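Input: a single structure, listed below in structure tokens.
The structure presented is a predicted model; accordingly, all values stated were derived computationally and were not measured. Order of the sequence lines fixes the chain letters, A, B, ..., with proteins taken first and strands second; residue numbering starts at 1 for each chain.
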Amino acid sequence: MPVHNREIADKFDRLADLLEIEGANPFRVRAYRNAARTVRGYPRAMADLIDDGEDLSELPDIGDDLAEKIDKLVESGDLPLLDEVEQRTPKALSELMKIEGLGAKRIKALHEALEIDTIDDLKEAAERGDIRNVEGFGDKSEEKIKQRLVKYAGDEQRTQLIEAEEIAKPLVEYLKKAKGLKDIAIAGSYRRRKETVGDLDILITAKQDADVMDHFTDYEEVDEIVSKGKTRSTVYLRCGMQVDLRVVPQVSFGAAQHYFTGSRDHNIAVRKLGIKKGYKVNEYGVFKGDERIAGKTEKSVYKKMDLPYIEPELRENRGELEAARKGELPKLIELDDIRGNLHAHTKATDGHDSLKKMARAAAERGYEYLAITDHSRRLAVANGLDEKRLRKQLDAIDKFNGDQDDIRILKSIEVDILEDGKLDLPDSALKELDFVLCAVHHKFDLPRKKQTERILRALDNRHCHILAHPSGRLINEREAYEFDLEKILEEAADRGRAIELNAQPDRLDLTDESCKMAKDLGVKISIATDAHSATDLDYMRFGIDQARRGWLEKKDVVNCLPLEKLLKLFER
DNA sequence: GCCGTTTTCGGCCCGACTGTTTTCAGTCG
């Protein structure tokens, strides 16, 4: 079993925590954290890069030393430096870093004064009232720690974007009622349309004497006020979501939007650009000495860096600054570019609505076409179609299309990829369809090589047009299965198969980086809602969000094609 | 420990809030 990037990153992070607690050089600590971020977010497995003989020290924030450590980790699973550090500093201390308000210095103080090594030790000490007596702590610190421990639940999950919207929208509506409020905007990963959101960053401009902060902390969903100042407050809502509110002068609104939209890496890169030009960039503007030379709009900030405006979805420091400098930013796809939807279910299998209702809903959304892609027979839990029932559905579609001219229903099926890579229906049935969607729905735990071969074999079938939800992951629920996506994409490019970006908010499968990889390899993408009801068709916008994060343009996406061109593409 | 369009050495993003201080360190984003 190859070592996951995530495991490597976790080890580097733990090492960074322990080194920081020991009081190591803070820049060395940061180097490990930066490396952890690079490895965790890298679209290809370190093990594969090594297999291909690539030089890991070419990766950002990875130098010779860390390249060697990753090599060793992949080869043997060992990180000797971490073992060594754990000999002298209890490894559970890194867990304490997750408690809000406790950082390296204070953990070290607790460890030295009270021999606190674990969360349980901390709990007991807090209950006994020992913490208040440690130098640098007091009554309030002890009380805060107690409160945090009650809520502490280990690894905190990030919130799906769709849920974050449900939390953010009423809050924004409420905030708009604050006296003296002028502008309001949500920043952070929410604005970058990341698939999950850690906390909400809300930005406001207001009149001098406004009561925005009081209004904010009075919100009925507020469970706890973490901090409250004139320009910045943090609360927890009852749902557990952290919300940061910042108030900035209007003249700084653009700079603040830029700053608080992030990503962190993008901001750091922009700041460095600024420094090179002799400017200082912060949330109040771009400064030359004491003079503010930009900041009212985001565009003005980029302009001072000699860059065009960069869309929030691209701000991940994954090459967007270089692309901007060269004038090669993608013209990102928009919701209006979509002409149809190539993955939808009906009552015939596990959908909730009839073919007609689905078709009407698609027409109402201005689509030219909608593909009905019910499940195939192997998926018995979903009442998958056998040949006979499929035939019946095709007749119904013919009849429907005969009566309509504002939308065309495409005949298709989401056919199961069997364990050996064969498809769940014979070619004689598949060739009757406008196109075929293939998907893995069982045997998620095959070894990587077998899983990859299974999917490659399915792509080999001349009747396969699109591979649906390619990784099988469910956000916060199920990891992607083990497979070699790059190989799949290369094969798809070779054979002219498209790959789906499934727009279900809990799938968003492909990931943003995988979208970019597909694009770079020349693979076309189908952004599809996998709708199980008429209202699910609205998930398209989440697919668009993800596609934009993956640098996709209209020309990369098959369902931006008009019907005739799409059908031509599917001709075999 | 990483990195370089003035650098292979000497930098490394920076401002707000809190609590425990009596002028600021620690933490966070």
Side-chain angles (χ1 to χ4, degrees), chain A residues 12 15-17 19-21 23-39 56-70 81 96-110 131-145 148 187-189 197-203 213 217 225-236 242-248 252 255-256 258-287 306 317 321-322 325:
Chain A
F12 283 162
L15 178 55
D17 287 347
L19 286 172
E20 191 179 10
I21 291 166
N25 174 355
F27 297 108
R28 186 174 166 224
V29 171
R30 186 189 295 174
Y32 281 107
R33 296 222 168 95
N34 288 343
R37 242 190 4 258
T38 296
V39 171
L56 297 181
S57 70
E58 296 286 307
L59 299 179
D61 297 322
I62 311 282
D64 290 342
D65 180 89
L66 282 168
E68 205 182 310
K69 287 193 166 80
I70 295 171
L81 179 60
L96 296 179
M97 295 280 276
K98 293 181 188 158
I99 307 285
E100 166 131 29
L102 285 187
K105 296 274 170 63
R106 281 153 66 93
I107 289 171
K108 187 179 189 192
L110 290 172
I131 289 176
R132 66 183 65 199
N133 299 323
V134 179
E135 191 172 346
F137 292 79
D139 295 358
K140 285 190 177 172
S141 302
E142 185 173 279
E143 198 47 44
K144 270 259 156 78
I145 288 170
R148 296 274 173 246
S189 50
V197 171
D199 54 21
L200 287 174
D201 292 297
I202 300 180
L203 209 58
M213 281 307 178
T217 53
I225 300 167
V226 179
S227 68
K228 185 174 176 182
K230 279 171 81 119
T231 67
R232 175 171 180 162
S233 297
T234 297
V235 304
Y236 280 109
Q242 179 182 325
V243 185
D244 295 333
L245 185 80
R246 346 246 174 167
V247 179
V248 296
S252 298
H258 179 258
Y259 187 82
F260 293 119
T261 295
S263 67
R264 201 184 99 102
D265 289 353
H266 175 90
N267 284 352
I268 290 173
V270 169
R271 277 188 183 211
K272 283 183 181 166
L273 269 181
I275 290 169
K276 267 188 202 156
K277 294 182 186 297
Y279 304 148
K280 186 176 72 167
V281 185
N282 62 25
E283 57 264 58
Y284 298 108
V286 179
F287 293 87
D306 292 321
N317 200 29
L321 288 168
E322 202 191 346
R325 189 170 54 80

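- Nearest nucleotide to the side chain of Lys144(A), out of dT27(B), dG19(B), dA16(B): dG19(B).
- Distance from the side chain of Asp244(A) is smallest for dG29(B) among the nucleotides dG29(B), dA16(B), dC13(B).
- Of all the heavy atoms in Gly274(A) and Val281(A), the pair that sits closest is CA-CG2, 4.2 Å.
- For the pair Gly229(A) and Phe137(A), nearest-nucleotide mapping onto DNA chain B gives the more 5' position to Gly229(A).
- Distance CD1 (Ile107(A)) to P (dT27(B)): 7 Å, rounded to an integer number of Å.
- The phosphate of dG1(B) has OP1 or OP2 within less than 4.0 Å of a side-chain N or O from Arg28(A).
- Not one side-chain nitrogen or oxygen of Lys276(A) sits closer than 4.0 Å to the OP1 or OP2 atom of dG4(B).
- Counting non-hydrogen atoms under 4.0 angstrom, Glu135(A) reaches nothing in the nucleic acid.
- As judged by a 4.0 angstrom heavy-atom cut-off over every strand, Arg264(A) is placed among the base-contacting residues.
- At a threshold of 4.0 angstrom between heavy atoms, the contacts of Ala35(A) with the nucleic acid are absent.
- Among the protein residues, Tyr259(A) comes within range of the nucleic acid bases, having at least one heavy atom under 4.0 Å from a base atom.
- The partner of dT8(B), taking Watson-Crick or G-U wobble pairs whose two distances both stay under 3.5 Å, does not exist in any strand shown.
- Side-chain atoms of Lys105(A) lie closest to dT27(B) of the nucleotides dC13(B), dT27(B), dC17(B).
- Atom pair Arg246(A):CZ and dC28(B):C1' shows a separation of 9 Å (rounding to whole Å applied).
- Asp306(A) places a side-chain heavy atom less than 4.5 Å from the side chain of Lys277(A).
- Under 4.0 Å is where a charged nitrogen must lie from a carboxylate oxygen, and between Asp244(A) and Arg232(A) no such pair does.
- Residue Asp139(A) is classed as a sugar-phosphate contact, given heavy-atom separations below 4.0 Å to backbone atoms only.
- Comparing Tyr284(A) and Thr234(A) against DNA chain B, the residue whose closest nucleotide sits nearer the 5' end is Tyr284(A).
- Across all strands, Arg271(A) comes closer than 4.0 Å to base atoms (heavy-atom distances).
- Considering only side-chain N and O atoms, Lys69(A) lies under 4.0 angstrom from the phosphate OP1 or OP2 of dG1(B).
- As judged by a 4.0 angstrom heavy-atom cut-off over every strand, Pro60(A) is placed among residues touching the sugar-phosphate backbone only.
- When the side-chain nitrogen and oxygen atoms of Asn282(A) are compared with OP1 and OP2 of dG15(B), one or more of them lie within a distance under 4.0 Å.
- Contact between the side-chain N/O atoms of Gln242(A) and the OP1/OP2 oxygens of dG29(B) is found at a separation under 4.0 Å.
- When distances are taken from the side chain of Asn25(A) to each of dG1(B), dC28(B), dC13(B), the shortest belongs to dG1(B).
- The glycosidic torsion of dT21(B) lies more than 90° away from 0, which places this base in the anti conformation.
- Between Lys230(A) and the phosphate of dA16(B), there is no side-chain N or O to OP1/OP2 separation shorter than 4.0 Å.
- Nucleic acid contact for Ile225(A): none, since no nucleic acid atom lies under 4.0 Å from a heavy atom of the residue.
- For a distance-only test at 3.5 Å, the side chain of Asp61(A) fails to qualify as a donor-acceptor partner of the base of dG1(B).
- The 12-atom threshold is exceeded at NZ of Lys228(A), counting heavy atoms of other residues, nucleotides or ligands nearer than 6.0 Å.
- The one candidate from Val134(A), Ile131(A), Asn133(A) that meets the side chain to side chain contact (heavy atoms under 4.5 Å, CB included) condition with Glu142(A) is Ile131(A).
- Dashed line: the shortest gap from a side-chain N or O of Arg106(A) to OP1 or OP2 of dA25(B) is not under 4.0 Å.
- A salt bridge links Arg33(A) and Glu20(A); the closest N-O separation between the charged side-chain nitrogens and carboxylate oxygens is under 4.0 Å.
- The residue Ile99(A) sits close only to the backbone: its heavy atoms come under 4.0 Å of sugar-phosphate atoms, none of a base.
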